[in-house]
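What follows is a set of notes on a single structure, which appears directly below.
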Amino acid sequence: MVTVLKLWFVTLLLLSPVALSELCNPHDKKVLLQIKNDLNNPYLLASWNPDTDCCQWYCVECHPKTHRITSLVILSSVPETNFSGQIPPSVGDLPYLETLEFHKLPKLTGPIQPTIAKLTNLKELYISWTNISGPVPDFLAQLTNLQFLDLSFNNLSGPIPSSLSRLPNLLSLRLDRNKLTGPIPDSFGSFKRPGPSLVLSHNQLSGAIPASLANIDPQRIDFSRNKLEGDASMLFGSNKTTQMVDVSRNLLAFDLSRVEFPTSLISLDLNHNKITGKIPVGLTAVDFLQGFNVSYNRLCGEIPQGGRLQKFDVDSYFHNKCLCGSPLPSCN
């Protein structure tokens, strides 16, 4: 009878929430509960019950063997009335985090938390569609395992730190739709080739595009809707494999006739600049071009015939100095 009672008691323990919670590392659980408290106990984190296994909580992933927290993804499809505050300092106390994301949280404010610099295993950092403010911090360069850095759709201001070029594994950098000022760092030309996709659009960046960017070959470049001046030809080259370039709505002024384009291009948008010269015949060899716009510039001469250039409508070419030929009216 005693043996049966012992077995019954052990079974109860195994089925109890406390026993189940033992999969979760106690330190990590304590940190997560502190994060929940710092964020005003939002409904989004209602599953974060101290009596249950934190590896089963919403927004959290654990390593299958060590059960340490490797992913914290807090996002909301609808604005939460009680989700407010700053990024909790305690996020830096989850040492095995590889992914950290705060997304679509309009009441998340304050700076990018300095304790994030402690997360040396971090591979993905996404803080987007929030109201965080302040600078893009230098300390992000300490996260040398980082592959994806997305700080888009926030209220960040000040210059882009040149130190970001020291991230050796970076595949994608998104700083678009902020209030960033100053130039694109010259150091970005020293990213390890091919270099990360660079999406810096919808800011207030100014000055010349660094000539050093000729040294990298990112898959995507989007510098649109800034105040960039001068030359952009270094972004191109017949030996590059870049697929998407958008430098529209800037103050760029260079001779398009002299530019050699990679045949890998899928999308090219140069609209609303001060670009002169002719459309190069070499663009007829870009066989996979799906998007193309050179409108609102100062281009002249006949549009080369062939390739995909006649697949685009008048809107892709109009408001230039003296462009002519299909799809525009024929040249006199």
Side-chain angles (χ1 to χ4, degrees), residues 183-184 188-189 194-195 197-202 205-332:
I184 297 171
F188 277 20
S197 291
L198 298 172
V199 182
L200 311 178
S201 65
H202 294 79
L205 302 175
S206 58
I209 297 174
S212 62
L213 296 194
N215 299 325
I216 60 172
D217 186 19
Q219 184 181 59
R220 179 186 178 192
I221 296 171
D222 188 350
F223 297 163
S224 62
R225 293 179 184 265
N226 281 290
K227 300 175 182 178
L228 300 170
E229 302 175 0
D231 191 15
S233 61
M234 79 293 290
L235 303 177
F236 307 101
S238 58
N239 62 334
K240 291 196 175 188
T241 59
T242 301
Q243 295 183 357
M244 303 176 69
V245 177
D246 187 349
V247 291
S248 62
R249 295 181 182 271
N250 278 287
L251 304 169
L252 298 170
F254 60 97
D255 185 352
L256 193 66
S257 313
R258 301 180 180 182
V259 178
E260 293 186 0
F261 290 94
T263 56
S264 55
L265 271 182
I266 295 173
S267 178
L268 176 63
D269 196 342
L270 307 176
N271 81 77
H272 284 83
N273 281 290
K274 301 176 182 180
I275 301 169
T276 58
K278 297 181 179 182
I279 296 176
V281 174
L283 273 172
T284 61
V286 181
D287 296 330
F288 300 103
L289 199 60
Q290 303 295 321
F292 182 72
N293 195 334
V294 294
S295 64
Y296 290 92
N297 277 291
R298 299 175 182 178
L299 299 171
C300 209
E302 184 173 8
I303 298 170
Q305 302 297 300
R308 297 191 55 81
L309 293 184
Q310 278 66 52
K311 301 290 185 182
F312 303 102
D313 60 22
V314 171
D315 292 351
S316 294
Y317 296 98
F318 70 175
H319 284 276
N320 271 287
K321 187 176 180 182
C322 49
L323 272 184
C324 58
S326 178
L328 296 178
S330 59
C331 301
N332 295 328

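- Few gaps surround CZ on Phe318; more than 12 heavy atoms of other groups in view lie less than 6.0 Å from it.
- Side chain of Ser206 to main chain of Lys227: no donor-acceptor pair is present (N/O by atom type, distance under 3.5 Å, no hydrogens or angles).
- Side chains of Arg308 and Gln290 form a contact here, defined as non-hydrogen atoms less than 4.5 Å apart.
- Side-chain atoms of Gln310 and Ile303, non-hydrogen and from C-beta on, do get closer than 4.5 Å to each other.
- In terms of heavy-atom proximity, Lys240 sits nearest to Leu213 at NZ-O, 3.3 Å.
- Using the six-membered ring where Trp is involved, Phe312 and Phe292 have ring planes that are tilted, between 30° and 60° apart.
- At a cut-off of 3.5 Å, with distance as the only test, a side-chain donor of Asp217 or Thr241 sits close to an acceptor on the other residue.
- Exactly one of Asn250, Asp231, Leu235 qualifies for a side-chain contact (heavy atoms from CB on, under 4.5 Å) with Ile209. That residue is Leu235.
- Considering only heavy atoms from C-beta on, Thr263 stays 4.5 Å or farther from Asp287 through its side chain.
- Of the possible donor and acceptor atoms, none in the side chain of Asn273 sits under 3.5 Å from a partner among the backbone N and O of Asn297.
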Apply the test side chain to side chain contact (heavy atoms under 4.5 Å, CB included) to residues Phe236 and Leu256: give CA-CA distance (whole Å), side-chain angles for both, the deciding distance (0.1 Å), then the verdict. CA-CA 11 Å; Phe236 307 101; Leu256 193 66; over 6 Å; no
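- Not one N or O on the side chain of Asp269 forms a donor-acceptor pair closer than 3.5 Å with the backbone of Gly291.
- With Asn293 contributing its side chain and Ser248 its backbone, the two residues share no donor-acceptor pair below 3.5 Å.
- Of the possible donor and acceptor atoms, one in the side chain of Ser264 sits under 3.5 Å from a partner among the backbone N and O of Thr242.
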